[in-house]
Enquirer: 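Have a look at the structure that comes next, please.
Throughout, residue positions are numbered sequentially from 1 according to the sequence presented.
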Amino acid sequence: DFFPMVDVLVSPHGSQLTGIMFMQRCSAVLEMFPHLYYTPTYFSSLARMFQLLHANWYVSHAAVPTGFLDLKTRLANTNNNMCPSMEKLVS
């Protein structure tokens, strides 16, 4: 009942995003990633299949990683803080 009623979904990366397939076409998904956990294409392909707009936000003080981070690095950083600083929100 939740996903079909959502126009814009803001969510941390995770299995809950499998529900985006039930969103209405042209809805938008903003997928957030914590520091040192970045897999930007993971749910973007699912969003594309169901004609959704998809963007990702790397919530970190560091630059967005180029390329993919290995699984060991990602698993070691699953509990990193996902709260962006006020400066990032305003900029």
Side-chain angles (χ1 to χ4, degrees):
D1 291 342
F2 174 76
F3 286 98
M5 298 175 9
V6 175
D7 291 326
V8 177
L9 177 67
V10 178
S11 174
H13 173 77
S15 61
Q16 72 281 356
L17 287 172
T18 57
I20 66 175
M21 68 181 77
F22 300 110
M23 293 174 71
Q24 300 294 315
R25 281 186 302 139
C26 297
S27 295
V29 178
L30 176 60
E31 184 177 0
M32 298 170 57
F33 295 95
H35 179 68
L36 292 178
Y37 193 108
Y38 190 61
T39 55
T41 59
Y42 202 86
F43 286 104
S44 63
S45 56
L46 183 63
R48 211 173 20 260
M49 275 196 305
F50 289 93
Q51 300 176 352
L52 305 173
L53 301 173
H54 179 274
N56 54 58
W57 184 9
Y58 184 58
V59 184
S60 174
H61 60 279
V64 175
T66 56
F68 288 100
L69 298 169
D70 62 86
L71 180 61
K72 183 177 179 181
T73 300
R74 291 194 323 261
L75 291 176
N77 289 283
T78 56
N79 291 325
N80 283 346
N81 188 352
M82 291 280 292
C83 297
S85 67
M86 188 54 91
E87 291 81 26
K88 276 201 172 260
L89 286 173
V90 174
S91 65

Enquirer: What is the distance from atom CG of Leu36 to atom OG of Ser60, rounded to the nearest 0.5 Å?
Expert: 6.5 Å
Enquirer: Out of curiosity, Asp70 CG to Leu75 CG, how far, rounded to the nearest 0.5 Å?
Expert: 9.0 Å
Enquirer: Less than 4.5 Å apart, side chain to side chain, heavy atoms only: is that true for Phe3 and Met21?
Expert: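 No, too far: nothing below the 4.5 Å cut-off.
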Enquirer: So how far is it from Tyr38 OH to Glu31 CD, rounded to the nearest 0.5 Å?
Expert: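 If we round to the nearest 0.5 Å, Tyr38:OH and Glu31:CD are 9.0 Å apart.
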Enquirer: Please say yes or no: joined through hydrophobic side-chain contacts below 4.5 Å, possibly via intermediate residues, are Phe22 and Met5 part of one cluster?
Expert: no
Enquirer: So Trp57 and Val64, do their side chains get closer than 4.5 Å, heavy atoms only?
Expert: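 Val64 does not reach Trp57 side chain to side chain.
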Enquirer: Is any side-chain heavy atom of Pro65 closer than 4.5 Å to one of Tyr58?
Expert: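 Side chain of Tyr58 against side chain of Pro65, heavy atoms only: contact under 4.5 Å found.
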Enquirer: Can you list the residues that meet the side-chain hydrogen bond (donor to acceptor under 3.5 Å, both in side chains) rule with Asn79, with sequence neighbours excluded?
Expert: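 Testing Asn79 for side-chain hydrogen bond (donor to acceptor under 3.5 Å, both in side chains), a comparison that skips the adjacent residues, returns none.
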Enquirer: Any side-chain donor-acceptor pair under 3.5 Å between Gln16 and Ser11?
Expert: yes
Enquirer: Can you tell me how far CG of Asn77 sits from NZ of Lys72, rounded to the nearest 0.5 angstrom?
Expert: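 Between atom NZ of Lys72 and atom CG of Asn77 there are 12.0 Å.
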Enquirer: Out of Leu17, Val6, Val8, Val10, which residue meets the side-chain contact (heavy atoms from CB on, under 4.5 Å) rule with Val29?
Expert: Leu17
Enquirer: Enter the distance from Cys26:SG to Leu53:CG here, rounded to the nearest 0.5 Å.
Expert: 6.5 Å
Enquirer: Does His13 have any ring-ring contact (aromatic ring centres under 6.0 Å, His included) partners at least two apart in sequence or in another chain, and if so, which?
Expert: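 His13: ring-ring contact (aromatic ring centres under 6.0 Å, His included) contacts with Phe33, Tyr37, Tyr42, Phe43.
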Enquirer: Enter the distance from Thr39:OG1 to Arg74:CZ here, rounded to the nearest 0.5 Å.
Expert: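 The CZ atom of Arg74 is 6.0 Å from OG1 of Thr39, to the nearest 0.5 Å.
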Enquirer: Which pairs would a plain distance check flag for residues 44-52, meaning a side-chain donor or acceptor within less than 3.5 Å of a matching protein atom at least two apart in sequence or in another chain?
Expert:
from: Ser44; atom 1: OG; to: Thr41; atom 2: O; distance (Å): 3.3
from: Gln51; atom 1: OE1; to: Arg25; atom 2: NH1; distance (Å): 3.3

